[in-house]
Asks: 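Here it is, the structure, as structure tokens.
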Amino acid sequence: LCCVKGGLNVCFIHNKVNVFHFILCNCVCPLQLKRFRVRNIFLGVLVLLSLNGYSATITSKANGNWNSTATWSTGTVPTSSDNVTISSGNTVKINAAATCKNLTVTGILYIGNNTTARTLTVNGTLTINSGGIFVANPSFAATHTLTCAGSITNNGTMNMEPNSTCVCNTTLNPTANITLGGTVPVIFYNLTSTASRNVTLGNNETIGGTLTISSGRVDVSTSNYSLS
């Protein structure tokens, strides 16, 4: 029988005349082994749970397409849980279905790289910093789709209708009340709000197409801002 006594592994040996002797040994006590295994399983579960909610921060490091690993600081294409920044001096084109958590644009971000319709899903907030540009690519005729779950803050340029043939429909599906704000109005094409949350105006906004509120409401009661 093995156990721990005074920090040492001790083995008790029973002989034929019912006398117990003990010796020091290097064996692993079954109780110790069981505790070790349980502890490591518990730690492994904690690691997996933390990784599941982990959000990487990925920044652009060069001009390029969204789905190219060479475009990004981590050498990986952003996923739905990653925070993404388009760096100043970089131009990134969305050339496939793209997704991220929070998106910050300080450089230039185009939706579209040819006449194929593209989609961008932002699961958090969308921020265009001063000097940043986020537009539907005006060089190609296409109708793109932007879906955003968080607030949109525009301090640069955000234009979803740069011309009559290149447009981007925007859908707001917030999980909490959000704000359309910033210092510069956003130019939307078609704008749809689908979640039962309030969308508060924090600036004047322009809609070139239609406004659809299928659930929730657009709140202008706390400001003098307007949709036009």
Side-chain angles (χ1 to χ4, degrees), residues 58-60 62-72 76-87 90-129 132-154 156-175 178 180 182 184-195 199 205-216 218 227-228:
I58 301 178
T59 60
S60 66
N63 298 334
N65 291 327
W66 182 284
N67 75 337
S68 172
T69 57
T71 302
W72 305 107
T76 57
V77 177
T79 67
S80 60
S81 62
D82 294 326
N83 298 318
V84 173
T85 296
I86 308 300
S87 302
N90 291 163
T91 298
V92 176
K93 297 178 181 179
I94 295 175
N95 63 321
T99 185
C100 64
K101 189 177 181 181
N102 300 313
L103 174 61
T104 301
V105 180
T106 304
I108 300 174
L109 178 62
Y110 287 124
I111 297 185
N113 66 316
N114 52 32
T115 55
T116 301
R118 305 299 185 187
T119 62
L120 170 62
T121 301
V122 180
N123 296 305
T125 60
L126 170 58
T127 303
I128 298 89
N129 288 329
I133 298 173
F134 175 38
V135 297
N137 195 333
S139 299
F140 305 99
T143 300
H144 308 293
T145 301
L146 165 67
T147 303
C148 188
S151 295
I152 298 177
T153 304
N154 181 37
T157 299
M158 180 174 171
N159 191 343
M160 299 293 97
E161 190 187 16
N163 58 53
S164 61
T165 61
C166 177
V167 295
C168 179
N169 297 317
T170 301
T171 297
L172 306 175
N173 62 343
T175 56
I178 66 170
L180 302 180
V184 183
V186 174
I187 299 176
F188 293 104
Y189 180 53
N190 294 325
L191 177 62
T192 302
S193 180
T194 62
V199 178
E205 310 294 355
T206 300
I207 300 175
T210 60
L211 170 63
T212 303
I213 304 173
S214 59
S215 184
V218 175
L227 292 169
S228 60

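What you see below is based on every heavy atom in this structure, not just the backbone, and it leaves out hydrogens, waters and symmetry mates.
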Asks: For the CG atom of Asn63 and the OG atom of Ser68, what is their distance to the nearest 0.5 Å?
Replies: 11.5 Å
Asks: What are the two closest non-hydrogen atoms of Ile178 and Pro174, and how far apart are they?
Replies: CG2-CB, 3.4 Å
Asks: Do Trp72 and Ser60 have side chains that approach each other closer than 4.5 Å (heavy atoms only, starting at C-beta)?
Replies: yes
Asks: Mind checking what makes side-chain contact (heavy atoms from CB on, under 4.5 Å) contact with Ile207, not counting sequence neighbours?
Replies: Phe188, Leu191, Leu211, Leu227
Asks: Test of understanding: with side chain to side chain donor-acceptor pair (under 3.5 Å), list the residues that count as partners of Asn173, not counting sequence neighbours.
Replies: none
Asks: Would you confirm whether His144, through its side chain, and Ala117, through its main-chain N or O, come within 3.5 Å as a donor-acceptor pair?
Replies: no
Asks: Would you say the side chains of Thr145 and Asn169 form a donor-acceptor pair under 3.5 Å?
Replies: no
Asks: Within the structure provided, determine whether Cys100 and Val122 are in side-chain contact (heavy-atom separation under 4.5 Å).
Replies: yes
Asks: Of all the heavy-atom pairs spanning Thr104 and Asn129, show the shortest one and how long it is.
Replies: CG2-ND2, 3.4 Å
Asks: Heavy atoms, side chains only, cut-off 4.5 Å: are Leu172 and Val199 in contact?
Replies: yes
Asks: Compare all side-chain heavy atoms of Met158 with those of Leu126 and state whether any distance is below 4.5 angstrom.
Replies: yes
Asks: Which atoms form the tightest heavy-atom contact between Ala70 and Ala62, and what is the distance?
Replies: O-CB, 4.3 Å
Asks: Give, for atom CG of Asp82 and atom OG1 of Thr76, the distance between the pair rounded to the nearest 0.5 Å.
Replies: 6.5 Å
Asks: Using atom types as modelled and distance alone, determine if a side-chain donor or acceptor of Thr59 lies under 3.5 Å from a backbone N or O of Val84.
Replies: no
Asks: Whether the Asn113 and Asn65 side chains hold a donor-acceptor pair (N or O, under 3.5 Å, no angle test) is what I'd like checked.
Replies: no
Asks: With side chains defined as the heavy atoms from C-beta onward, is the minimum distance between Thr71 and Trp66 less than 4.5 Å?
Replies: no
Asks: Answer yes or no: is there a donor N or O on one side and an acceptor on the other, between the side chain of Arg118 and the main chain of Asn95, under 3.5 Å?
Replies: yes
Asks: Determine the minimum heavy-atom distance between Asn137 and Tyr110, stating which atoms define it.
Replies: CA-CD2, 3.9 Å
Asks: With side chains defined as the heavy atoms from C-beta onward, is the minimum distance between Thr157 and Val135 less than 4.5 Å?
Replies: yes
Asks: How far does OG1 of Thr171 sit from CG of Leu146, to the nearest 0.5 angstrom?
Replies: 8.0 Å
Asks: Can you name the nearest heavy-atom pair linking Asn190 to Gly209, along with the distance?
Replies: OD1-CA, 3.3 Å
Asks: When you compare the side chain of Leu103 with that of Leu109, does any pair of heavy atoms fall below 4.5 Å?
Replies: yes
Asks: Work out which heavy atom in Leu180 is nearest to a heavy atom in Glu205; give both atom names and the distance.
Replies: O-OE2, 3.4 Å
Asks: Give, for atom NZ of Lys101 and atom OG1 of Thr121, the distance between the pair rounded to the nearest 0.5 Å.
Replies: 15.5 Å
Asks: Rounded to the nearest 0.5 Å, what separates atom CE in Met160 from atom OG1 in Thr170?
Replies: 6.0 Å
Asks: Is there a side-chain contact between Ile152 and Phe134 in this structure, where contact means two heavy atoms from C-beta onward sitting under 4.5 Å apart?
Replies: no
Asks: Suppose we screen for side chain to side chain donor-acceptor pair (under 3.5 Å). Which residues come up paired with Thr125, at least two apart in sequence or across chains?
Replies: Asn102
